[in-house]
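Residues: numbered from 1 along the sequence shown.
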Amino acid sequence: MDKTADNGFAAAVRMTEGKWKIDILCRLGTASRRFGRLRQSIPGISEKMLAQQLREMEADGLVDRKVYPETPAKVVYSLTERGAALNAAADSLCRWGAQFGLPCETQNKAEYA
């Protein structure tokens, strides 16, 4: 087995592959959100792409999907403990990029908190 491909950093990169996953982590890092509110908070993402990314993140154990038995159905997304830890790691990478002249793509670094 190739040890360079089997480490924590590689696992984190695999779990955040995709154009929108870091944005989703950031938004859910500040508060749990319903699908519509989450989509509104990420300009440019389509409903289809958001649903796909959330399904993948849920399968990876980063996002929790809670369905409330109401009519119409209420679904709330939040970070799991694992997702919150990855979000904290993303904050460290953002600070590293800012220190070396590579600005974060977020509007507010507090979104990583």
Side-chain angles (χ1 to χ4, degrees):
M1 177 179 263
D2 182 7
K3 289 293 184 187
T4 60
D6 187 29
N7 61 52
F9 183 76
V13 169
R14 280 192 305 272
M15 287 187 187
T16 57
E17 284 179 330
K19 181 176 180 178
W20 304 104
K21 287 184 180 176
I22 295 294
D23 289 318
I24 294 168
L25 275 174
C26 293
R27 298 320 186 275
L28 292 179
T30 59
S32 297
R33 296 176 193 240
R34 293 180 71 170
F35 184 89
R37 292 283 185 205
L38 186 56
R39 182 166 179 251
Q40 287 175 349
S41 72
I42 305 173
I45 193 169
S46 68
E47 285 186 29
K48 179 182 175 184
M49 183 56 66
L50 178 57
Q52 177 185 335
Q53 299 282 278
L54 285 168
R55 278 192 301 271
E56 290 174 10
M57 294 172 78
E58 186 178 4
D60 287 336
L62 302 175
V63 170
D64 181 51
R65 180 179 187 265
K66 181 161 174 107
V67 180
Y68 294 89
E70 298 176 4
T71 304
K74 177 181 176 182
V75 180
V76 177
Y77 294 92
S78 60
L79 291 182
T80 62
E81 183 178 342
R82 184 180 200 178
L86 184 56
N87 195 32
D91 179 48
S92 297
L93 288 172
C94 183
R95 283 186 272 120
W96 176 87
Q99 179 181 352
F100 291 100
L102 304 170
C104 293
E105 292 191 25
T106 60
Q107 298 171 355
N108 182 353
K109 285 174 57 175
E111 293 178 29
Y112 283 97

Are Val13 and Trp20 connected, step by step, through hydrophobic side chains (Ile, Leu, Val, Met, Phe, Trp, Tyr) whose heavy atoms are closer than 4.5 Å? no
Roughly how far apart are [X] [atom1] and [Y] [atom2], rounded to 0.5 Å?
| X | Y | atom1 | atom2 | value |
| --- | --- | --- | --- | --- |
| Phe35 | Leu50 | CZ | CG | 4.0 Å |
| Glu17 | Asp60 | CD | CG | 10.0 Å |
| Asp91 | Leu25 | CG | CG | 12.0 Å |
| Glu56 | Ile24 | CD | CD1 | 9.0 Å |
| Gln53 | Asp23 | CD | CG | 9.5 Å |

State which residues pass side-chain hydrogen bond (donor to acceptor under 3.5 Å, both in side chains) with [X]; sequence neighbours excluded, sorted by chain then number.
| X | answer |
| --- | --- |
| Glu58 | none |
| Arg39 | none |
| Gln40 | Arg37 |

Residues forming a side chain to side chain contact (heavy atoms under 4.5 Å, CB included) with Lys48, sequence neighbours excluded: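 Lys48: side chain to side chain contact (heavy atoms under 4.5 Å, CB included) contacts with Ser46.
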Please tell me if the side chains of Leu62 and Asn87 come closer than 4.5 Å, counting only heavy atoms from C-beta onward.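 When only atoms from C-beta onward are counted, Asn87 and Leu62 do not touch, as no gap falls below 4.5 Å.
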Considering only heavy atoms from C-beta outward, does the side chain of Leu54 approach that of Leu38 to under 4.5 Å?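 Counting from C-beta outward, Leu54 and Leu38 do come under 4.5 Å.
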Which atom pair, heavy atoms only, marks the closest approach of [X] to [Y]?
| X | Y | answer |
| --- | --- | --- |
| Arg33 | Arg27 | NE-O, 3.2 Å |
| Ala12 | Leu86 | CB-CD1, 3.9 Å |
| Ala90 | Ile22 | CB-CD1, 4.5 Å |
| Thr80 | Asp64 | CG2-N, 3.8 Å |

Could you go through residues 68-77 and list every donor-acceptor pair under 3.5 Å that involves a side-chain atom there, pairing it with any protein atom two or more places apart or in another chain?
unit_1, atom_1, unit_2, atom_2, d
Tyr77, OH, Arg65, NE, 3.2

Salt bridge (charged side-chain N to carboxylate O under 4.0 Å, His left out): which pairs involve residues 75-89, sequence neighbours left out?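 For residues 75-89: none.
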